[in-house]
Structures are given as structure tokens and as C-alpha cells.
Q: 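Structure provided below as C-alpha cells; questions to follow.
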Amino acid sequence: MTRPRSIPPSSHSKRYDRAYFDRWYRNPRYRIGSSADLGRKVRLALAMAEYVLARPIRSVLDLGCGEGRWQPILRRLRPKVRYTGVDSSAYAVRRFGRRRNIRRGRLSDLSSLGLRGPFDLVVCSDVLHYVTDEELVIGLDALVPLMGGIAYLEVFTAADEIEGDRARFANRTAAMYHRVFERAGLVPCGMHCYVARELARDLVALELPPPPSRSS
């Protein structure tokens with residue numbers, strides 16, 4: 001089946017403007033997670049990537065990065081890392097694009113952005129449950145070839161009791177995500193981390209999920 005290379009923005013798209021980021025990331029009444037929580041998340045993904053690669057990471061691609069909050073933490077931990085962010089927010093790119101190397105684009109635009117991969121760590125945190133089914137499939141197809149190490153894909157499902165922004169949240173099941181990830185060639189290795197199928201061959205049995213049980 002032929003799929004379009006890009007999806008035009010919906011007339012009902014959410015506005016990722018300064019007010020949005022002020023509300024969900026800075027307003028004590030609404031924000032979810034502290035800077036300490038974010039730091040732990042970054043260190044987890046960093047450690048997983050370096051464990052799999054058996055060396056310090058040199059490059060990070062952050063998809064749906066918003067204001068690029070991962071960038072200053074990564075730079076403190078790995079000063080020489082090459083960080084590239086991609087986000088659909090005109091505000092985020094205007095304010096942080098030059099300082100944090102963020103370019104404008106959507107998940108469905110990946111194949112046309114001229115990104116210099118592969119990247120040791122690909123991040124797509126708190127993003128995939130806000131895109132359409134079509135953009136999810138197109139984006140994952142373009143994401144996997146950019147992976148040189150692991151991908152940190154933080155996703156919440158219909159079964160999760162989440163707080164925060166519920167506007168246009170896609171109530172997909174975990175089983176649906178498993179199917180889509182497997183189709184794209186992604187193998188889970190724990191805590192929202194995935195490796196491409198080719199790299200999974202280098203991991204030992206108990207670093208990977210168990211095979212499906214056979215029905216009797």
C-alpha cells in the first residue's frame with residue numbers, strides 16, 4: 001500500500017505556542033513532573049544507549065522535542081554530544097531553534113528533513129499518543145533507519161492513568177502499539193527503550209522480551 005510522505009496539518013491541530021509550554025511545563029498548578037524527574041529520564045535513556053553501544057554516545061535526535069529541554073541536560077552530561085531537535089511548534093523553533101539546534105517539522109516529515117543519521121540515541125518522549133494512526137505509522141517507518149543505537153519512545157496507552165494534557169490524546173491499546181512497533185522493526189528492551197531488529201541480534205536472551213507463548 002502506498003502511503004503519503006507527509007500529512008497536512010489539521011484545521012483542528014493543537015496550538016503549541018508559548019502559552020501551551022508555560023501552562024504544562026512552568027505553571028505549578030498544571031505542570032506534570034519536575035526538573036529532577038526529567039533528569040532521571042534523560043540519564044536512563046543515556047545509560048541504556050551507552051550500554052547497548054558499549055561507548056559514550058555522540059549524537060541524539062529528539063523528535064517532538066518542544067523547547068528542547070533534554071538538550072542542556074545532555075550537554076552537561078556529555079559536553080561533546082551532537083543534539084538535533086525536531087518540533088512542529090513555530091514558537092519553540094523561533095525561541096530555541098538556534099540555541100538548541102531545533103528545526104521545525106512533524107513526525108510525518110522525517111524523511112524530508114535531511115537529518116544526518118544514524119543517531120546513537122533517538123528520543124520521542126510523550127509524543128506518539130498525540131499523533132494520528134497514519135502519522136504514527138509513517139513516522140516510525142522514517143524513524144527506524146535513523147537509529148544507530150536505541151530509541152527512547154515514551155508512550156502512554158488507554159490503560160494508563162495519566163495526568164496532564166488530554167487534548168487529542170489517542171486512546172490506543174498497548175497491543176496496538178506492540179503491533180505497530182513490531183511492524184516497523186522495533187524490539188523492546190525495557191523502560192520505553194527499543195532497538196532496531198538488526199541490533200537486537202547482539203543482545204542476550206534475557207535483555208529482550210520473552211517470545212510469545214504457544215497456545216496449546
Q: Is there a path from Tyr177 to Leu143 through hydrophobic residues (I, L, V, M, F, W, Y) whose side chains come within less than 4.5 Å of each other?
A: yes
Q: Could you pull out all residues at least two apart from Tyr51 that satisfy ring-ring contact (aromatic ring centres under 6.0 Å, His included)?
A: none
Q: Tell me, please, which residues at least two apart from Tyr194 pass ring-ring contact (aromatic ring centres under 6.0 Å, His included).
A: Phe181
Q: Please, which pairs that meet salt bridge (Lys or Arg N to Asp or Glu O under 4.0 Å) have at least one residue in residues 186-195, sequence neighbours excluded?
A: none
Q: Within a strict 4.5 Å, meaning less than it, do heavy atoms of the Asp133 and Met176 side chains meet?
A: yes
Q: So which pairs with a foot in residues 118-131 pass salt bridge (Lys or Arg N to Asp or Glu O under 4.0 Å), sequence neighbours left out?
A: Arg55-Asp120
Q: If we ignore hydrogens and angles and just use 3.5 Å, is the side chain of Asp87 paired with the main-chain N or O of Cys65 as donor and acceptor?
A: yes
Q: List in chain and number order the residues that pass side chain to side chain contact (heavy atoms under 4.5 Å, CB included) with Leu199, two or more places apart in sequence or in another chain; answer none if no residue qualifies.
A: Val52, Val195, Asp202
Q: May I ask you to test the Ile73-Leu46 pair for a side-chain heavy-atom distance under 4.5 Å?
A: no
Q: Between Arg104 and Asp109, does the salt bridge (Lys or Arg N to Asp or Glu O under 4.0 Å) criterion hold? Intermediate values first, please.
A: CA-CA 9 Å; Arg104 194 172 183 190; Asp109 299 328; over 6 Å; no
Q: Can a cation-pi geometry be assigned to Arg18 and Tyr91, taking NZ or CZ under 6.0 Å from the six-membered ring centre and within 45° of the ring axis?
A: no
Q: Within the distance-only criterion (no hydrogens, no angle test), does the side chain of Arg94 pair as donor or acceptor with the backbone N or O of Ser89 below 3.5 angstrom?
A: no
Q: Are Met48 and Tyr152 side-chain neighbours, meaning at least one heavy-atom pair lies under 4.5 Å?
A: no
Q: Side-chain contact, heavy-atom cut-off 4.5 Å: Asp62 with Gln71?
A: no
Q: Checking Tyr83 now: which residues fulfil ring-ring contact (aromatic ring centres under 6.0 Å, His included) with it, not counting sequence neighbours?
A: none
Q: For the salt bridge (Lys or Arg N to Asp or Glu O under 4.0 Å) test, which of Arg99, Arg100, Arg26 pairs with Glu67?
A: Arg26
